Amino acid sequence: MSARILAADLPSQVGKQVTIAGWLHRRRELKSVTFLIVRDRSGLAQVVLSGPAAALADVEMPEETVISVDGTVTANEQAPGGAEIVQPTITMLSDPAAPPPFDLYRPAITAGLPTILDGAPTTLRHPNLRAGFEISAASVHGFRSALEALGFVEVHTPKIVESATESGANVFKLDYFGRPAYLAQSPQFYKQAMVGVFERVFEVGPVFRAEPHDTARHLAQYTSLDAELGFISDHQDVMVVLRDTIAGMVAGVQDRAGPAVALLDVAPPVVPAQIPQIHFQDAQDLIAKHADWDPRGEPDLSPADERWLCEWAELEHGSEFLFVTGYPMAKRPFYTAPDPSRPGFSNGFDLLFRGLELVTGGQRLHRYGDYLAALAARGEGPEHYASYLQVFEHGMPPHGGFAIGLERWTARLTGAANIREVTLFPRDLHRLAP
RNA sequence: GGUCCUGUAGAGCAGCUCGGAGUGCUCGCCACCCUGUCAAGGUGGAGGUCGCGGGUUCAAAUCCCGUCAGGACCGCCA
C-alpha cells in the first residue's frame, strides 16, 4: 500500500498507484459500473468499480462508512476534476455507517435546525455547515494576526471566578471545593489587570451567560474576542484599533477561507478606513425624525433601532459598519469611563454590523478612587470587588478595550438566520447536548 | 418572563377553515432494470401511536381543553 494522498491531489498523480482515505460520500450504482465518491478534508474523489472490481459494489458499505482506497489514478474527462481511481482495493476502516439524519451528499441542506443540531457530530460534515466553521477559524486567525501586528500579547485567563464582574444575576454558579464560584461572564477583570503587565492584550475564549434569552442571536456560551490596551486618550483610540482588527478578520477570511466563502456565496464586507460614527443621542434623534417610532428617552437601542441605523449608514455613508458612541452611563457597567464633556453619557461604544450589535467597547476607569466612587454611586460596597480593585491600587494607565462576539460575526458574514447554525454544539436555554 | 407560530413515515412538507377508512407530495430506504454517473435515471415495494392526555361527536390528523417539545419576535445582550 502506498502513502495516503488527499482527494484534491488526484489530478497531479495520474498514472501512479495511490491510497486515499475518507468517508464514503455517495455511491452511484449502474449495471456494470459503480462510482464511489470519497470525501476527505480536501474535497471529493471518484473511485470506479468496474470489471473484476465490480464485485466490491456488493459489499455492504453505506454512505459515511470510513474507507481506504488503494488504486491507480487515471485521467478521464468524464471524471469530476478530470482524474479518478480505477481497479481499487478497498479497506473498511469503520463499521458500516448508520444513515445520517439527512443526505450529506446533497448540495442543499434538507433538514431543519433542530435536526441539524441534534445530529451535529454527523451533520456538521456537510460542506455547507463545515464552511461556516472554516470562516470562523479564518476570522480568529485574522483577529490574532491583526492584534499581534499591533504589539498585543495573547493571554488565557481563568473561566472559574470568585465573583461576577458584571451585574450579578446572570452567572452560572458552581460548587468549587465547597465554596461558591461562577463561570466567567467576560474576561473583563483579567484583561484589564493584564494591561498593567503587557499594555496590550487580547484573548480568544468562551464566556458564559445565564441570561434567559431565547432568540436567534443569543447563546448561554459563546466565544468572545477580547482586546484591551493602555495609554489611550479616550475611546476613539480603541475604535481605531477595533477598525484595524475587523479589517484583519476580513482579510483572514479572504486569505484562508476562500473555498468556504465561494461555497456559501459570502460577500465579505468592505471595512472603511474611517468607520462612520454617530452619538447615541443623535442616533435617537435621527430615528425619531425619520422612522415611524420615537426611541428618545429609552436608555438603550432596540434591535429595530439598530437595524434602522444600519440601513441609514449604508445609504448615508456606504458602510455596513456603524459606531454608536456615548451610550448613557446608566446602561453601561460601573467600570465605564464617563464622557467628561457630556454628563450622563459614557465613553463607551457599540459597533453595529449588518443590523446587529457586534461589538461593545469603551474607555474604562483607571484610577483607584474613581472605582470607589463609581461603586458608591451604584450603592455597592468595595468589599465584593476586592480583587478587582487590587488591579488599580498600584498604578494603571488610561485604557480601554472591546469584545467581539465571534458567532454573531460569523452569522452576519454567512447570512445565517440563527446564530446556532454557526455555533459548534450550541448551548442555550434548552440545549445542553450534544 | 411576554406575544405569535409549528408538531403528520428516517428527512422536508401538504392535508386541518368546512370532521367521514392514515389521503397525498419531494427525498431517503429495500428489490429489480440501466457501461460513465455528477443532487444520476426507470419500475415496483416497505415504512405511521397524525407529539402526548382528555373532551365533544355516530365519526377527530381536522373542533375544544390541558400538557410536552420545537421555532420566530420582544425584553436584555455580544
Side-chain angles (χ1 to χ4, degrees), chain A residues 25-37 44-51 54 57 60 62-63 74 76-82 84 86 98-119 122-123 126-128 166-167 169-170 185-188 205-226 242 298-307 327 331-333 349-353 356-361 402-412 417-421 423 428-431:
Chain A
H25 192 60
R26 179 59 170 154
R27 55 190 292 164
R28 285 191 276 268
E29 296 183 53
L30 289 84
K31 171 71 172 171
S32 55
V33 60
T34 291
F35 300 97
L36 302 182
I37 310 300
L44 304 175
Q46 177 160 287
V47 178
V48 185
L49 305 182
S50 63
E60 192 206 352
E63 272 101 17
T74 308
N76 187 332
E77 283 184 5
Q78 290 169 291
E84 62 192 8
V86 299
F102 68 96
D103 302 325
L104 298 181
Y105 58 84
R106 289 187 188 279
I109 295 167
T110 58
L113 189 56
T115 305
I116 290 170
L117 297 180
D118 288 344
T122 315
T123 60
H126 190 284
N128 284 24
E166 325 266 333
S167 60
N170 301 323
Q185 295 176 298
S186 127
Q188 185 61 33
V207 297
F208 305 91
R209 303 279 168 100
E211 294 158 354
H213 302 140
D214 195 2
T215 78
R217 61 185 188 282
H218 285 100
L219 299 164
Q221 172 179 343
Y222 68 91
T223 306
S224 185
L225 307 180
D226 271 273
L242 174 55
E298 293 293 328
D300 202 354
L301 298 176
S302 71
D305 293 340
E306 292 173 349
R307 287 191 290 268
Y327 280 78
K331 291 301 290 184
R332 300 305 253 202
F349 62 84
D350 276 6
L351 179 64
L352 309 184
F353 172 49
L356 188 63
E357 183 181 326
L358 176 69
V359 185
T360 289
F402 58 82
I404 305 171
L406 174 62
E407 293 84 355
R408 283 193 176 183
W409 163 256
T410 314
R412 290 294 88 180
N418 191 311
I419 196 168
R420 292 161 182 78
E421 292 172 38
T423 304
D428 62 31
L429 212 49
H430 309 290
R431 188 172 288 277

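Being a predicted model, the structure only gives us computed values, none of them experimental. Lettering follows sequence order; numbering is per chain, from 1.
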Item to complete: Record whether the side chain of Glu84(A) comes under 3.5 Å of the base of G36(B) through a donor-acceptor pair of N or O atoms.
Response: yes

Fill in: Test side-chain hydrogen bond (donor to acceptor under 3.5 Å, both in side chains) applied to Ser302(A) - qualifying residues, sequence neighbours left out
Asp305(A)

Worksheet item: Looking at residues at least two apart in the chain, or sitting in another chain, which of them share a side-chain hydrogen bond (donor to acceptor under 3.5 Å, both in side chains) with Asn418(A)?
Response: Arg420(A)

Practice prompt. Could you pull out all residues at least two apart from Phe353(A) that satisfy ring-ring contact (aromatic ring centres under 6.0 Å, His included)?
Written response: Phe321(A), Trp409(A)

Response to the item:
Taken in chain and number order and not counting sequence neighbours, the residues that satisfy ring-ring contact (aromatic ring centres under 6.0 Å, His included) with His218(A) are His213(A)

Fill in: Qualifying salt bridge (Lys or Arg N to Asp or Glu O under 4.0 Å) pairs with a residue from residues 102-113 of chain A, counting only residues at least two apart or across chains
Asp103(A)-Arg106(A)

Practice prompt. Indicate, with a heavy-atom threshold strictly under 4.0 Å, whether Leu219(A) touches base, sugar-phosphate, or nothing.
Written response: base

Discussion item. Could you work out, with salt bridge (charged side-chain N to carboxylate O under 4.0 Å, His left out) as the rule, every residue matching Asp350(A), not counting sequence neighbours?
Written reply: Arg332(A)

Worksheet, complete the sentence: Sorted by chain and number, sequence neighbours left out, salt bridge (charged side-chain N to carboxylate O under 4.0 Å, His left out) with Glu357(A) holds for none

Worksheet item: Given Watson-Crick or G-U pairs with both distances under 3.5 Å, what dot-bracket string fits RNA chain B, with | for other-strand pairs and [ ] for crossing?
Response: (((((((..(((((.....[..))))).(((((.......))))).....(((((..]....))))))))))))....

Interface polar pairs with nucleotides 33-35 of chain B, N/O, under 3.5 angstrom:
residue : atom : partner  : partner atom : Å
C34(B)  : OP2  : Lys31(A) : NZ           : 2.6
U35(B)  : O4'  : Ser32(A) : OG           : 3.2

Discussion item. Taking 5.5 Å and 30° as the limits, would you call Tyr105(A) and the base of A39(B) a stacked pair?
Written reply: no

Item to complete: Would you tell me if any nitrogen or oxygen in the side chain of Arg27(A) comes within less than 4.0 Å of OP1 or OP2 on A39(B)?
Response: no

